[in-house]
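Each remark here refers to the structure printed beneath this line.
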Amino acid sequence: MTTYHFKEIEQKWQKLWEEKKCFSAPNPTIDKRPYYILVMFPYPSGHLHMGHVRNYTIGDILARYYRRRGRAVLHPIGWDAFGLPAENAAIERGIDPGQWTMDNIKHMRGQLKMLGISYDWDREFATCTPEYYRWNQWIFIKMFEKGLAFRKKSPVNWCPKCATVLANEQVHNGRCWRCHTDVIQKELEQWFFKISEFAEQLLEDHKHLAPGKDQKGWPEEVLIMQKNWIGKSWGAFVDFEALEGGSKRAGTIRVFTTRPDTLFGATFMVLSPEHPMVEKLTTPDKKKSIETYREKARKTSKIDRTNIDREKTGEFTGSFAINPVNGNRIPIWIADYVMMDYGTGAIMAVPAHDSRDFAFAQKFKIPVIQVIQNPDQPLSLPLKEAYEGDGVLINSGPYDHLSTDESKKKIADDLKAKGLGEPTVTYKLRDWLLSRQRYWGTPIPIVYCPKCGAVPVKLEDLPVKLPANVKFTGQGDSPLKQSTEWVKTTCPKCSGPASRETDTMDTFVDSSWYYARYTDPKNEKLPFEAAQANTWIPVHQYVGGIEHACMHLIYSRFFHKVLRDMGLVKSDEPFASLLTQGMVTLGGSAMSKSKGNVVDPKTVVDKYGSDTARMFILFAAPPTQQLEWSDQQVGGIWRFLNRVWRLGQMFSGDEDAKSVKRSIEESSNVVSKEELTRMIHATIERVGTDIERDFGFNTAISAIMELVNAIYLYPDLGDDLSKEAVSATVQLLEPFAPHMAEELWEMMGNKSMLSQTKWPQVDKDKLLQKEIQIIIQVNGKLRHRINVPSQAKEEEVKSLALAAMEKRGQKIVPKRVIFVPHKLVNFVEN
RNA sequence: ACCGGCGUGGCGGAAUGGCAGACGCGUCAGACUCAAAAUCUGAUGAGCUUAGGCUCGUGAAGGUUCAAGUCCUUUCGCCGGUACCA
C-alpha cells in the first residue's frame, strides 16, 4: 500500500511553477479577457493563521479555475506593513519596527509559498517601503491641492502619565492599557480627508455593485451596512435664538431635525456636552454641575452614550431658547445622548414624538406637547410613550390638519423663507481623520513655515523618508518630534527655516489604493500608469473578511473616486464583486495573537501537506460562513486524497503501484457504465457551477468525492471509461489540491502542466437519463416514489402516479393536482 | 444599545418554496490479518411498527402556502462592526 508522499511532490511542483513563472499575469487580449482576483493583503504579524489560509485558498481556487477557463489572471500579493503592532514590539523589545516587520514578511512569505498559492510574485510589495509610501505622499499632496486634505481640531485619547496618544484598542475601560491611568480627551490639530464630500456618490454608486452579467456584485448585507454607515437623512436645520440666563441674547443655535413637522412640540433643547456654545450659555449658578457633567461625558464611551436603554442623564444650563415658529421659551440642557459629530451637535427635543426625548422629559419633569395625532388611536392624555409614526398635525397653528409628509416640507420651506432655517440632508459619515501621532507610518509630507503656513513638500522631493534615529519609549507625543534633525527643514515655498509635520498617516491610506499599485508595481514616475490600471481594474473579484464592510471598503471606494477625478483610473468603483469570507474562530472568537487563540497552519501542513490543509479548510464550511476551528475532519480529507492517489497510480504505467483494494462483490451499490459516464459529466458540470454560482467549494469537493466513490464501485476498473473518470477527477481536483493533481496528471502520461491545461468540457448529451424519479405527495405529504420515463408528459405522470397509489391500496380522488416537472405530483384532496 | 449576519443529527455541514440530513467526521458491523494498523464493503436523526410503512423532527412561538429549514411577524442565543487593531 503506497501512501501519498506529499513533501517531495509539493516541493517539486512549487519549484517548477516558480521557475517557469507559470502564474505571471499575461497581457489580456480579446480572446484572453482579464480576470483580476484580489485577496485582502495581510498585516505581517509574524505568522500566518487559519483565517489567512482560508482567505488565500479561496482566492487561489478562483485564480486557478479562471486561468484554466482561458482568462488572463492577475493574482497578486503584498504586505500591509505599517501599523501599531510593529511600534508596540519596538517599545516592548527595543527592536527596530522596520526590521521586525521585514523579518515577519520573510517568514510569512515562506509560509505562503508552502501553501502553493498561484501568486504572481514579481508584483509583490510592502507598503512600508519608501518606493510605496512616496505615492501615499504624492496622492496626499494632490488631495491637499484640491482641498480634500485639511486640518482641524479633533480630540485624541491621551494618557497623562505616559504623555502619549492612545489608540482606541489601547484604552481599556477608560484607562491606559499600560499604566492604567484614566484616559482623557485632548484636542489636537489634525489632518482629515474630506470623504463627506463623496457621501452621496458613495451611496449612489452602490448601483454599480449589484449582480450583473460580468460580475457577481457585492453581498446585499455589505451594501446595507454601508448605507446605514453613510447614514443619509432628510430633514431641516432650524435656528433657535438663545437667551443667556433667560434674557440676554446670546446668538442662534442651529439644530438638525429629521422631523420638522414636530417643531411645535419642541419643549426643550439639548446640546451635546462638547458643543461650543455650552460655556457661554451656562449661567454662573450652573457652572459647577455643568462642568462635572461634561467631565463625566468625556469619559463615557460612544457605545454607552448611544445606548437607548441607559437611564437618561443631563444638566440644565440655566439658559433658554426661543422656538422660531411659536415664540415659546424652552430650556437648554446638555446631555450625552446628543453627539457632537452628528448633525449640528444640538437637537430640539420633542418628547411626544421621540422616545429618547420622552424618557428625558419624564425624568426631568419637562412638559410634553403632542403635535401629531396617531390615526389609529384616539387622543388620550397624558401620553404613556412617544408616538413616532405618521399622522395629522395638531397644536401646530397654521399647520394643523396637514399630514406629517406635507408639513415636513412646508415647515422647512417656510423657515427658509423667513431665514430661520432650511431643508437639508445630512450624513452620519464623518470626515476621515488620518493623522496618527506615531512613528511606523507614512510621514505626512507637509512643512510648517512661520511665513507661508502649511506647505506641501515639492513632488520631486518625495519621498519624505522616515528618519532612523528614533527611540521607542511609549512616552511623549509624536515620536518623530524626537528627530530634531529631521524636523528641521526649509520651506518649499520661501526657503526660509521651517519644520516638518511629525504626524504619520493612518494605515488605511496604504490599503486604499494598493489594488491599483499591483497593476504597475515598479513604477517610479507615478503611483501607477493609467493604462495598466484600466486594463485590470475594476478588480473582478475581491475576497476578504466581512469585518472590513464599513471602513476599508468605504475608504478604498473613496480613494478610487479621487484617483478617477485625477484621471488615473477610468472606472467609478475599484471592486466589481466582493466575497466576504467568514472568520475562522477558536472558542467562538476570531483567532488573534492578542487573544492567544491562534492555530498555526504548520501543524496541519507538516502532518498532511498543504493540499490536505487547503481542501480541509474549504470543505469544512461554505466560505462566507463563520468557521469554528476543529481538526476532526482533516483525516477524512487525507484519506480521500489517498484514495485518489491510488486510483491515479492504476494508470501510471508502474505495475508495482497498482494497489487499489476493493471488494465489489460485497457491495450492493455497484456502478454501471452508463452511470459512471453520466457521473463524469455531471461532476464536471457541478464543480463548475458550484464555483461560479456561489463559491460553493465545499459542495464542489463533495461532488468530486461522490465521483471517486463511484469509481471505487465500478467493476471494470482499469478500462478506458475508468481512466476517463480518474482523469476527470484529477483535472477537477487541481484548483483544490494542485500539487497532487499535477503529479497524477504527469504520472498518467500527460505532457502539459495541468495548471496550464484547459478546464474539462461537459458533454450535455451524456447527462441525459432514461428514467427519473418522481415523488408522490398527498395533501403535501410524501407518500410514494415512482420512476417514470424522463420524457413523460404531465398527464402521463399523473396517471402513472394514481395507478401506483392504487396498487398500494390507496384510491385517490383529488380535487386539485400540483405538478412540478421532473420533481413531484401532489394530489390535494380537500 | 445601534447596524449586519448566523442558529439543521453525536459533530462539520447539504437542500431555486418541492424527498430534510448529500458529502465528510464519529460510531457500529463485516472482509483482509496470527494480531493490530492501514485498506475495502455495509449500516447509522428520534420514536413506533402487523416490516408495508406510520408519527415526530431544522433555537422558540405564531402566520402565509397544495407544499416552509427556506417567505412574513414576534422572540431567545451566538458572532462581526461601531470610525486610532488591521
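Lettering of chains follows the sequences in order, A, B, ..., and the numbering in each one begins at 1. Both backbone and side-chain heavy atoms feed into the values below; hydrogens, waters and symmetry mates do not.
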Exam field: side chain [X] to backbone [Y], donor-acceptor pair closer than 3.5 Å:
X: A:Trp440; Y: A:Asn88; result: no
X: A:Arg662; Y: A:Tyr714; result: yes
X: A:Asp336; Y: A:Arg305; result: no

Counting only Watson-Crick pairs (N1-N3 plus N6-O4 or O6-N4) and G-U wobbles (N1-O2, O6-N3), all under 3.5 Å, who is the partner of [N]?
N: B:G77; result: B:C6
N: B:A20; result: none
N: B:U82; result: B:A1
N: B:G26; result: B:U44
N: B:U39; result: B:A31
N: B:A67; result: none

Rounded off to whole Å, could you give me the [atom1]-to-[atom2] distance for the [X] and [N] pair?
X: A:Gln190; N: B:A83; atom1: CD; atom2: P; answer: 15 Å
X: A:Glu220; N: B:G5; atom1: CD; atom2: P; answer: 9 Å
X: A:Asn779; N: B:A67; atom1: CG; atom2: P; answer: 9 Å
X: A:Trp432; N: B:A86; atom1: CH2; atom2: P; answer: 12 Å
X: A:Leu782; N: B:G57; atom1: CG; atom2: C1'; answer: 15 Å
X: A:Asn698; N: B:A14; atom1: CG; atom2: P; answer: 5 Å
X: A:Leu553; N: B:G4; atom1: CG; atom2: C1'; answer: 14 Å
X: A:Arg54; N: B:G80; atom1: CZ; atom2: C1'; answer: 13 Å

Worksheet item: Does any donor-acceptor pair link the side chain of A:Asn826 with the base of B:C66 at a separation under 3.5 Å?
Response: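 Flag set: donor-acceptor pair detected.
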Worksheet item: Would you say the base of B:G18 and the side-chain of A:Gln777 have a donor-acceptor pair closer than 3.5 Å?
Response: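 It does, because a donor-acceptor pair links the side chain of A:Gln777 to the base of B:G18 below 3.5 Å.
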Worksheet item: What's the spacing between A:Arg175 CZ and A:Leu166 CG if we round to 0.5 Å?
Response: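 Answer rounded to 0.5 Å: 13.5 Å.
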Item to complete: Rounded to the nearest 0.5 Å, what's the gap from CE on A:Met705 to CZ on A:Arg639? Could you check?
Response: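 Output value for this atom pair is 10.0 Å.
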Suppose you measure atom [atom1] in [N] against the same atom in [M]; what distance do you get, rounded to whole Å?
N: B:G63; M: B:U70; atom1: P; result: 14 Å
N: B:G12; M: B:A60; atom1: C1'; result: 24 Å
N: B:U75; M: B:G26; atom1: C1'; result: 35 Å
N: B:G9; M: B:A61; atom1: P; result: 15 Å
N: B:G42; M: B:U58; atom1: C1'; result: 28 Å
N: B:C40; M: B:C32; atom1: C1'; result: 8 Å
N: B:G21; M: B:G45; atom1: C1'; result: 8 Å
N: B:A68; M: B:C78; atom1: P; result: 30 Å

Does [N] have its OP1 or OP2 closer than 4.0 Å to a side-chain nitrogen or oxygen of [X]?
X: A:Arg639; N: B:C25; value: yes
X: A:Arg430; N: B:A83; value: no
X: A:Lys302; N: B:C84; value: no
X: A:Arg686; N: B:A22; value: no
X: A:Asn669; N: B:U41; value: no
X: A:Asn642; N: B:A38; value: no
X: A:Arg662; N: B:C40; value: no
X: A:Ser630; N: B:G12; value: no
X: A:Gln632; N: B:G26; value: no

Item to complete: For A:Thr306 and for A:Pro42, find the nucleotide of RNA chain B with the closest heavy atom, then tell me which residue's nucleotide is more 5'.
Response: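 Mapping each residue to its closest nucleotide by heavy atoms, the 5'-most match is A:Thr306.
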Worksheet item: Which residue lies toward the 5' end of RNA chain B, A:Ile775 or A:His784, if each is placed at its nearest nucleotide?
Response: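 So the residue in question is A:Ile775.
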By nearest atom, which of the nucleotides [options] is closest to the [X] side chain?
X: A:Met225; options: B:C66, B:C3, B:G12; result: B:C3
X: A:Gln773; options: B:G24, B:A31, B:C19; result: B:C19
X: A:Arg783; options: B:U82, B:C54, B:C23; result: B:C54
X: A:Phe619; options: B:C23, B:G4, B:G53; result: B:C23
X: A:Val820; options: B:G18, B:G81, B:U41; result: B:G18
X: A:His548; options: B:U41, B:A86, B:A14; result: B:A86
X: A:Asp80; options: B:A86, B:A22, B:C85; result: B:A86
X: A:Gln626; options: B:C84, B:G53, B:C79; result: B:C79
X: A:Ser667; options: B:U41, B:G24, B:A14; result: B:U41

Fill in: Residues A:Arg686, A:Glu706: salt bridge by 4.0 Å N-O rule
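Salt bridge present between A:Arg686 and A:Glu706.
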Worksheet item: Would you say the side-chain atoms of A:Asp506 and A:Tyr555 include a donor-acceptor pair closer than 3.5 Å?
Response: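 Judged by distance alone, the side chains do not pair up.
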Practice prompt. Step through the shown structure and confirm whether more than 12 heavy atoms of other residues, nucleotides or ligands are within 6.0 Å of CD on A:Glu665.
Written response: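 Count over threshold, so yes.
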Practice prompt. Verify the neighbour count for atom NE2 of A:His822: are there more than 12 heavy atoms of other residues, nucleotides or ligands below 6.0 Å?
Written response: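 Check fails, neighbour count at 12 or below.
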Worksheet item: Is the glycosidic torsion of B:G47 within 90° of 0, making it syn, or is it anti?
Response: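 Anti conformation here, the glycosidic angle of B:G47 being more than 90° from 0.
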